[in-house]
Amino acid sequence: MANLTTKIGDLTLKNPVITASGTFGYGEEYLDFLDINQLGGICVKGTTLHRREGNPYPRMAETPSGMLNAVGLQNKGVDYFINTIYPRLTVFETAFIVNVSGSTLEDYIETAEKINSLSFIPAIELNISCPNVKQGGMAFGVDKDMAAEVVKEVRKVYHKTLIVKLSPNVTDIVSIAEAVEHVGADAVSLINTLLGMAIDAETQKPLLSTITGGLSGPCVKPIALRMVWQVAHAVKIPVVGMGGISNARDAIEFFLAGATAIEVGTANFIDPAVSLQVIQGVNDYLQRHHCESINDIIGALKTV
Amino acid sequence: MANLTTKIGDLTLKNPVITASGTFGYGEEYLDFLDINQLGGICVKGTTLHRREGNPYPRMAETPSGMLNAVGLQNKGVDYFINTIYPRLTVFETAFIVNVSGSTLEDYIETAEKINSLSFIPAIELNISCPNVKQGGMAFGVDKDMAAEVVKEVRKVYHKTLIVKLSPNVTDIVSIAEAVEHVGADAVSLINTLLGMAIDAETQKPLLSTITGGLSGPCVKPIALRMVWQVAHAVKIPVVGMGGISNARDAIEFFLAGATAIEVGTANFIDPAVSLQVIQGVNDYLQRHHCESINDIIGALKTV
Amino acid sequence: MKKIIGDLVVSENIPLKNNHFLLKLTQAEPLPHILPGQFVQLKIDDTPSVFLRRTFSINYVDRKKNEIWLLIQVVGDGTRSLSNCKIGDSLNLIYPLGNSFSMPTSSQSRLLLVGGGVGVAPLLFLGAILAEKGFSPSFLLGARNIDGLIELEKFQQFGDVYIATEDGSAGEIGFVTDHSILKNSFDKIYTCGPTPMMQAISQFAENQFIDCEVSLENKMACGIGACLCCVTQTHQGNQCVCTDGPVFNTKELAWQI
Amino acid sequence: MKKIIGDLVVSENIPLKNNHFLLKLTQAEPLPHILPGQFVQLKIDDTPSVFLRRTFSINYVDRKKNEIWLLIQVVGDGTRSLSNCKIGDSLNLIYPLGNSFSMPTSSQSRLLLVGGGVGVAPLLFLGAILAEKGFSPSFLLGARNIDGLIELEKFQQFGDVYIATEDGSAGEIGFVTDHSILKNSFDKIYTCGPTPMMQAISQFAENQFIDCEVSLENKMACGIGACLCCVTQTHQGNQCVCTDGPVFNTKELAWQI
Ligand SMILES: Cc1cc2nc3c(=O)[nH]c(=O)nc-3n(C[C@H](O)[C@H](O)[C@H](O)COP(=O)(O)OP(=O)(O)OC[C@H]3O[C@@H](n4cnc5c(N)ncnc54)[C@H](O)[C@@H]3O)c2cc1C
Ligand SMILES: Cc1cc2nc3c(=O)[nH]c(=O)nc-3n(C[C@H](O)[C@H](O)[C@H](O)COP(=O)(O)OP(=O)(O)OC[C@H]3O[C@@H](n4cnc5c(N)ncnc54)[C@H](O)[C@@H]3O)c2cc1C
Ligand SMILES: Cc1cc2nc3c(=O)[nH]c(=O)nc-3n(C[C@H](O)[C@H](O)[C@H](O)COP(=O)(O)O)c2cc1C
Ligand SMILES: Cc1cc2nc3c(=O)[nH]c(=O)nc-3n(C[C@H](O)[C@H](O)[C@H](O)COP(=O)(O)O)c2cc1C
Ligand code: FES
Ligand code: FES
């Protein structure tokens with residue numbers, strides 16, 4: 001077994017494979033399919049200060065090698081999470097990372113503050129990049145000053161590992177990564193979904209109730225990989241890479257591009273146990289390439 | 001037969017299907033496979049003031065439902081085009097649109113001015129969005145002031161239909177479309193390729209000599225469709241839509257989203273005669289839906 | 001109820017009329033316990049345009065043969081590819097998913113199962129289970145025309161079958177809601193089919209104060225309650241059709257037309 | 001030379017050793033004229049990870065049977081899928097593409113065809129044509145070991161075959177460039193195989209002032225000169241391997257190592 005442990009801020013993960021927010025529920029939904037304790041971490045659903053109903057149905061459309069979603073942060077609010085879900089999670093032996101979303105600066109601060117008090121939650125992933133709600137933080141994520149402001153304020157109240165999740169719907173993701181690094185983010189994670197759209201030619205209607213939605217899956221992998229590579233070269237904090245990862249080879253590509261850990265999202269829908277296969281495959285790859293540790297391949301892309 | 005004619009500025013196309021720049025050579029490469037006179041138009045290869053060798057091999061990588069290219073505007077320069085290629089094209093009965101690229105403002109102006117004198121070329125597509133060369137115009141395409149400036153200057157010397165090709169690698173494509181409309185573009189075309197990257201996990205090297213390249217094919221269709229829809233709602237000039245169109249149904253989706261014409265790119269590589277199938281399929285669709293003209297479906301998306 | 005990811009083998013693939021086919025899948029080991037109304041998420045590997053799994057109701061379970069039946073209508077690339085499956089092909093399924101139709105209470109004996117189009121699929125297994133438990137369900141099956149009536153002889157094994165076709169080519173002419181059998185009294189109605197049909201039936205049931213369960217077919221990504229894509233509006237807010245459903249009592253639903 | 005898009009039918013699919021297979025494709029109508037060194041662009045429809053066409057040299061043309069042979073090594077998803085083709089399956093090809101090996105001049109009679117790995121593919125058809133034209137070509141075929149030597153008996157029909165394996169399990173031990181046959185005099189060398197092999201051979205040819213043609217295998221998107229993806233550096237600048245090649249005289253190439 002190669003050494004798969006990896007560090008993001010103060011958080012040490014037993015392996016660098018995390019399931020992505022919004023694609024793995026609270027982990028419990030997957031108990032029949034895999035031992036979630038073997039995962040490096042689980043990013044739970046986007047959590048907001050208040051309960052949200054999300055967007056109307058239809059919320060999903062299939063696209064070439066991917067899908068669009070317009071869930072719109074449906075969740076029962078942070079208090080429900082704390083009182084009802086959190087206690088159930090504490091029996092597991094993996095890192096639960098709460099994905100925090102909001103419409104206003106105050107939402108983010110208040111939600112983060114509440115999560116700060118949960119001893120079993122070592123990190124939050126601050127989602128400043130959800131394209132699916134009018135005020136889903138995407139406005140924060142596409143403007144470097146607003147991104148910096150929300151991170152700065154959350155940093156004041158949140159004292160554990162703070163991962164900031166970046167939007168790919170921008171001209172210059174590097175400048176946003178640098179801005180949030182500058183005000184105290186412990187890590188950045190990327191990419192969130194790309195804003196897309198699908199139409200039913202026969203009915204002449206959009207396939208999503210919200211017209212546009214977030215694109216994910218293998219189709220976005222080349223864009224995600226490029227952004228991870230650009231950001232990893234620009235910032236000193238760890239980069240958590242994601243976007244279309246469906247197998248160990250995909251994950252390796254993100255490590256080579258500079259990711260310290262990776263997240264598996266949409267692929268969970270097709271194969272619920274895929275994350276364990278990724279962990280196993282990464283280990284096999286390291287052994288085959290005579291690497292002792294995952295660190296040997298992080299950022300190891302040979303570009304001459 | 002439904003009425004398929006469509007207008008872009010002063011240019012009337014016999015049908016709204018154009019082959020995309022860089023994917024159809026000068027049309028001549030495809031003569032064995034289809035009667036190019038049946039096409040609405042042909043956007044020829046990216047043409048620059050001076051000869052360009054393009055990027056080193058490898059220039060291509062396959063990705064899920066798409067491909068990356070890093071051709072880098074290889075071409076023999078505008079004078080070679082005018083003297084050697086142009087005379088051969090004048091025997092055909094389709095609209096040849098020259099895709100003009102450049103590194104500097106002066107390049108663009110001088111190239112456009114030369115093309116302006118060619119009576120058989122009714123339009124140029126000003127490529128301010130090539131991601132594959134260090135100064136490939138992408139810098140122009142991602143900044144609305146620079147985009148406006150190059151279009152304003154080219155407008156002074158180019159008196160036929162001026163289509164401006166936009167980059168999707170931006171936070172706000174609408175503002176760039178509006179900026180170029182404001183300074184006299186007759187139409188915008190979108191999208192050019194998305195900046196992406198691919199890695200060979202085994203050799204640990206990038207798959208392109210330039211590390212990053214331009215993503216095209218069905219994988220980008222949801223993003224392209226969203227951008228066409230956004231831009232078509234914001235500008236009054238026609239929008240030429242492209243990105244992943246592989247069949248008539250895809251084309252219809254772009255028309256519904258607001259495109260006045262569409263371009264077929266990467267799909268030509270897989271099926272050289274696909275554009276004629278698109279034309280036929282669009283006609284069939286219009287008849288099946290009892291539409292007399294392509295105009296009946298342009299922008300006809302039902303969003304309630 | 002434990003969900004399983006597993007490979008099953010095609011034991012039969014029977015072409016039926018009107019672009020339908022019946023796929024029988026089997027394995028050597030006994031199947032897990034499966035309830036009527038549950039569904040599977042099936043992986044299709046050989047079709048570039050198919051990315052997500054495809055959802056199908058369980059049409060019937062042959063416990064002796066360890067066989068799951070899927071009644072499928074060809075509507076797109078995924079179902080077309082499945083229709084070409086050969087005996088011996090292996091298919092990956094996640095199953096059994098979703099809740100199930102609830103069994104009648106002791107006071108409910110006059111049962112009507114109303115199906116339209118390929119929506120008849122889960123009603124066969126439901127009818128079989130009801131018959132097994134000693135009920136005599138009636139089936140009211142609707143289609144555009146006679147060609148759209150699938151598996152009729154199979155339904156006849158488990159109860160009386162009434163038919164409505166829009167063109168009158170079989171049974172009574174009109175929609176299922178026009179059928180004269182509805183003049184009889186029923187204690188419980190189960191329905192699955194096109195949304196307008198289910199809405200009309202549930203409206204009828206509500207008017208007549210008849211207990212009514214519908215099986216919904218929302219578009220799914222995960223099928224296991226993780227993605228929140230498949231929601232329907234209920235009086236408790238948005239609920240997932242894949243885990244809170246696919247079967248809902250019409251009293252719970254806030255029907256969006 | 002007119003290029004064609006057409007469907008051909010699999011007439012044979014013969015598994016060979018070392019993950020190779022020989023695919024024979026046929027049609028009722030006569031094939032167009034095909035030259036040695038030309039290639040096809042083959043469409044693979046049933047594999048989601050395969051997007052572009054796949055490029056294969058024409059291994060042999062059986063004019064009597066209207067048959068094109070492709071000698072293929074399984075290296076990834078596309079070739080794996082092809083290896084499972086059944087007789088009667090239809091495959092879409094664009095062909096014949098590229099230039100061709102040039103025929104020897106009147107002063108060239110001592111011909112050596114040097115192939116390595118699956119790069120031997122186009123040399124069989126070249127050998128056949130040369131033999132037909134009255135030449136007696138010699139073949140020098142290299143592989144890592146005996147298992148890598150494919151179609152040996154077919155080559156023997158058209159000329160003498162010399163062998164080099166890296167482990168000595170067949171023929172002489174070492175690389176093809178180490179083989180003793182190279183001590184003989186040749187007027188022209190044709191080569192196709194791994195790039196380092198072709199570079200070594202062309203270096204050898206240059207040193208001995210022997211005319212030498214190589215067939216390159218750059219990655220292609222279109223295969224017809226439209227995308228400019230497949231370039232190689234020549235003394236005239238970047239040229240397309242798909243139209244200016246795949247065969248180049250080594251004098252034209254600016255070999256990039
Ligand atoms: C709980 C449930 C049970 C179902 N049971 C059956 C069944 O027993 N037999 C049967 O034939 N069909 C059933 N369906 C519908 C079946 O899932 C779709 O017909 C199938 O996914 C279409 O796949 P395709 O690739 O052939 O078509 P596509 O090309 O994907 O789509 C063709 C059409 O089917 C619709 N569709 C696509 N995906 C879905 C989806 N996930 N859910 C609903 N509609 C979709 C599209 O909107 C489109 O109109 C069920 C759906 C659900 C949600
Ligand atoms: C002119 C030419 C002639 C060829 N002739 C033959 C032949 O006769 N027999 C044969 O077995 N192979 C031949 N090849 C190579 C063949 O095209 C690739 O092996 C095939 O495309 C791999 O497809 P895949 O989906 O199985 O593998 P992939 O999963 O796509 O790739 C597996 C490996 O093959 C390489 N590869 C992928 N696509 C290409 C491509 N277009 N060109 C070159 N390498 C590629 C990849 O870099 C990777 O290392 C030829 C290539 C060219 C350009
Ligand atoms: C159905 C769905 C719901 C999602 N919900 C969230 C969310 O609540 N918060 C968030 O930050 N990202 C959310 N995402 C984005 C994913 O976490 C991930 O960033 C994205 O899907 C790219 O990775 P993938 O291609 O592996 O799926 C969601 C994605 C999907 C498909
Ligand atoms: C190989 C290749 C070369 C291209 N060259 C050019 C070019 O020279 N100028 C340009 O404006 N766009 C160029 N493009 C972009 C296409 O014209 C088109 O905008 C893009 O590929 C999206 O459409 P598609 O998905 O249908 O291919 C090129 C694309 C490809 C794949
Ligand atoms: S399909 Fe994912 S929650 Fe129902
Ligand atoms: S492969 Fe397109 S030019 Fe050669």
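Letters go in sequence order (proteins before strands), and every chain restarts at 1. This structure is a prediction, so every number in the text was calculated from the model and none was measured.
- Chain C forms the most heavy-atom pairs under 4.5 Å with one residue out of A:Ala61, A:Pro64, A:Gly27, A:Pro272, and that residue is A:Pro272.
- Nearest heavy-atom pair across C:Lys2 and A:Asp32 is NZ-O, 3.2 Å.
- Among the residues in residues 33-72 of chain C, those with a non-hydrogen atom closer than 4.5 angstrom to a non-hydrogen atom of chain A are C:Lys43, C:Ser49, C:Val50, C:Phe51, C:Leu52, C:Arg53, C:Arg54.
- Nearest heavy atoms, C:Ala226 versus A:Thr23: CB-O, 4.1 Å.
- In the displayed structure, C:Phe204 atom CZ is contacted under 6.0 Å by more than 12 heavy atoms of other residues, nucleotides or ligands.
- Heavy atoms closer than 4.5 Å to chain C are found in the side chain of A:Leu207, but not in its backbone.
- Rounding to the nearest 0.5 Å places CD of A:Glu53 at 7.5 Å from CD of C:Gln233.
- By the neighbour-count criterion of 12 heavy atoms within 6.0 Å, atom CZ of C:Arg144 is sparsely surrounded, having that number or fewer from other residues, nucleotides or ligands.
- Of the atoms belonging to C:Asn218, heavy atoms from both backbone and side chain fall under 4.5 Å from chain A.
- Across A:Met67, A:Glu28, A:Arg51, the residue that shares the most heavy-atom pairs under 4.5 angstrom with chain C is A:Met67.
- Residues A:Asp271 and C:Ile5 form a side-chain contact, since some pair of their non-hydrogen atoms from C-beta on lies under 4.5 Å apart.
- Most heavy-atom pairs under 4.5 Å with chain C: of the set A:Gly22, A:Pro218, A:Ser65, A:Cys219, this distinction falls to A:Ser65.
- What you find for A:Val71 and C:Cys227 is that their closest heavy atoms are CG2-O, 3.2 Å.
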Might you work through the side chain to side chain contact (heavy atoms under 4.5 Å, CB included) test for A:Tyr57 and C:Lys219, ending with a clear yes or no? CA-CA 9 Å; A:Tyr57 180 84; C:Lys219 275 201 198 170; 3.6 Å; yes

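- Looking only at side-chain heavy atoms (C-beta outward), C:Ile224 and A:Tyr30 come within less than 4.5 Å of each other.
- Contact of C:Ile94 with chain A is made through the side chain alone, with heavy-atom distances under 4.5 Å.
- Taking both residues in full, the closest heavy atoms of C:Cys229 and A:Arg59 are given as O-CB, 3.7 Å, listed atom of the first, atom of the second, then distance.
- For A:Thr266, the part lying under 4.5 angstrom from a heavy atom of chain C is the side chain only.
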